[in-house]
Amino acid sequence: MFKRLVTAAVTAVLIAGLGACGSGGDAHDGTDHSADGGRNSGGVADESRPDPATTTDASVFGLRDEVRHLAARTTRATRPRTTRKCTSTTRRVKHTTSTGSGTKRHTRTWYSTEQSRNCKQVRSGTETYTRVVRPEHWCVSLDDLDGDATQDDVWFQVGRTTYDAAIGTDRHTRMDFTPKGNGC
């Protein structure tokens, strides 16, 4: 048992090490550093740059401009309330067994009672709950997106840790992060 755990741990460390080392060594990192930076002047993602929400390594960099926190918007709503209703039933079951053959055949019969329970969800009035209309968002705006001086005020949705890091830095400080989505 212990030998299997050690073997699994060594294998995991080797895979992680080879994965980290195997991606480097190339002078080109796969991002587009052309004059237009892959973005149009409105700051909306162009087709030439993949959507950060669908790719795992689409990091962006630029100078931190503004940060914005959009609190979750909720409302009270009602929905059907369902409860579990169960019914118990009993059923008489006939059992038979036979011994012998021909005229010496003897059949023995007995009965037993089987109990079963059937449950289903049924509507029982309504209940009030808090419905989330808009989830909470943390956003960061970048200037000089991907080194392009014409790409300013481009908003990205980020995670809470990236937002906290952005608040801790001064304006026009270089930031490099992987956004969760475009716009804010």
Side-chain angles (χ1 to χ4, degrees), residues 1-20 22-23 43-47 49-60 66-141 154-168 175-184:
M1 177 76 173
F2 181 73
K3 188 175 180 181
R4 284 185 181 176
L5 289 173
V6 171
T7 305
V10 169
T11 305
V13 169
L14 278 173
I15 290 172
L18 291 174
S23 63
V44 179
D46 197 24
E47 284 81 23
R49 183 174 184 93
D51 183 16
T54 59
T55 58
T56 57
D57 59 347
S59 64
V60 296
E66 295 180 43
V67 293
R68 183 182 298 165
H69 174 242
L70 298 173
R73 185 176 293 161
T74 61
T75 185
R76 303 290 287 166
T78 57
R79 62 183 170 205
R81 180 174 175 259
T82 58
T83 57
R84 190 172 148 150
K85 183 178 179 182
C86 298
T87 56
S88 296
T89 58
T90 57
R91 191 172 66 125
R92 190 171 180 209
V93 181
K94 180 180 180 181
H95 305 277
T96 59
T97 184
S98 298
T99 58
S101 64
T103 58
K104 298 189 185 228
R105 185 173 185 94
H106 177 69
T107 304
R108 190 175 141 241
T109 305
W110 72 96
Y111 295 91
S112 66
T113 305
E114 269 186 12
Q115 295 186 352
S116 64
R117 189 171 175 191
N118 187 15
C119 297
K120 60 174 92 170
Q121 295 287 103
V122 295
R123 283 183 62 169
S124 174
T126 59
E127 64 182 353
T128 304
Y129 72 103
T130 302
R131 184 169 63 92
V132 177
V133 177
R134 179 190 66 204
E136 188 172 25
H137 290 296
W138 296 277
C139 302
V140 175
S141 171
V154 182
W155 285 95
F156 293 101
Q157 292 179 18
V158 295
R160 177 70 188 257
T161 55
T162 305
Y163 175 81
D164 290 341
I167 285 184
M175 286 196 71
D176 187 1
F177 57 86
T178 302
K180 289 190 172 186
N182 293 326
C184 187

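If you read the sequence from its start, that first residue is 1, and numbering goes on from there.
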Measure the spacing between [atom1] of [X] and [atom2] of [Y] and express it to the nearest 0.5 Å.
X      : Y      : atom1 : atom2 : value
Trp138 : His69  : CH2   : NE2   : 5.5 Å
Arg108 : Thr99  : CZ    : OG1   : 9.5 Å
Arg81  : Glu127 : CZ    : CD    : 7.0 Å

More than 12 heavy atoms from other groups under 6.0 Å of CZ on Arg123: no
Heavy-atom closest pair, residues [X] and [Y]:
X      : Y      : result
Ser112 : His95  : OG-NE2, 2.8 Å
Pro179 : Val158 : CA-CG1, 4.5 Å
Val60  : Asp176 : O-OD1, 2.9 Å
Asn182 : Gln157 : O-NE2, 4.1 Å
Arg105 : Gly100 : NH1-O, 3.6 Å
Cys139 : Gly183 : SG-O, 4.5 Å

Distance-only polar pair, side chains of Thr130 and Arg76, donor-acceptor under 3.5 Å: yes
Evaluation steps, side-chain contact (heavy atoms from CB on, under 4.5 Å), between Arg91 and Val93: CA-CA 6 Å; Arg91 191 172 66 125; Val93 181; 4.1 Å; yes
Check: His137 and Arg68 side chains under 4.5 Å, non-hydrogen atoms: no
Parallel, tilted or perpendicular: ring planes of Phe177 versus Phe156, cut at 30 and 60 degrees: perpendicular
CA sep, side-chain torsions, deciding dist, call: Trp110, Thr97, side-chain contact (heavy atoms from CB on, under 4.5 Å): CA-CA 9 Å; Trp110 72 96; Thr97 184; 3.7 Å; yes
Whether Arg131 side chain and Thr78 backbone form a donor-acceptor pair below 3.5 Å: no
Full working for side-chain contact (heavy atoms from CB on, under 4.5 Å) between Arg84 and Gln121: CA-CA 5 Å; Arg84 190 172 148 150; Gln121 295 287 103; 3.4 Å; yes
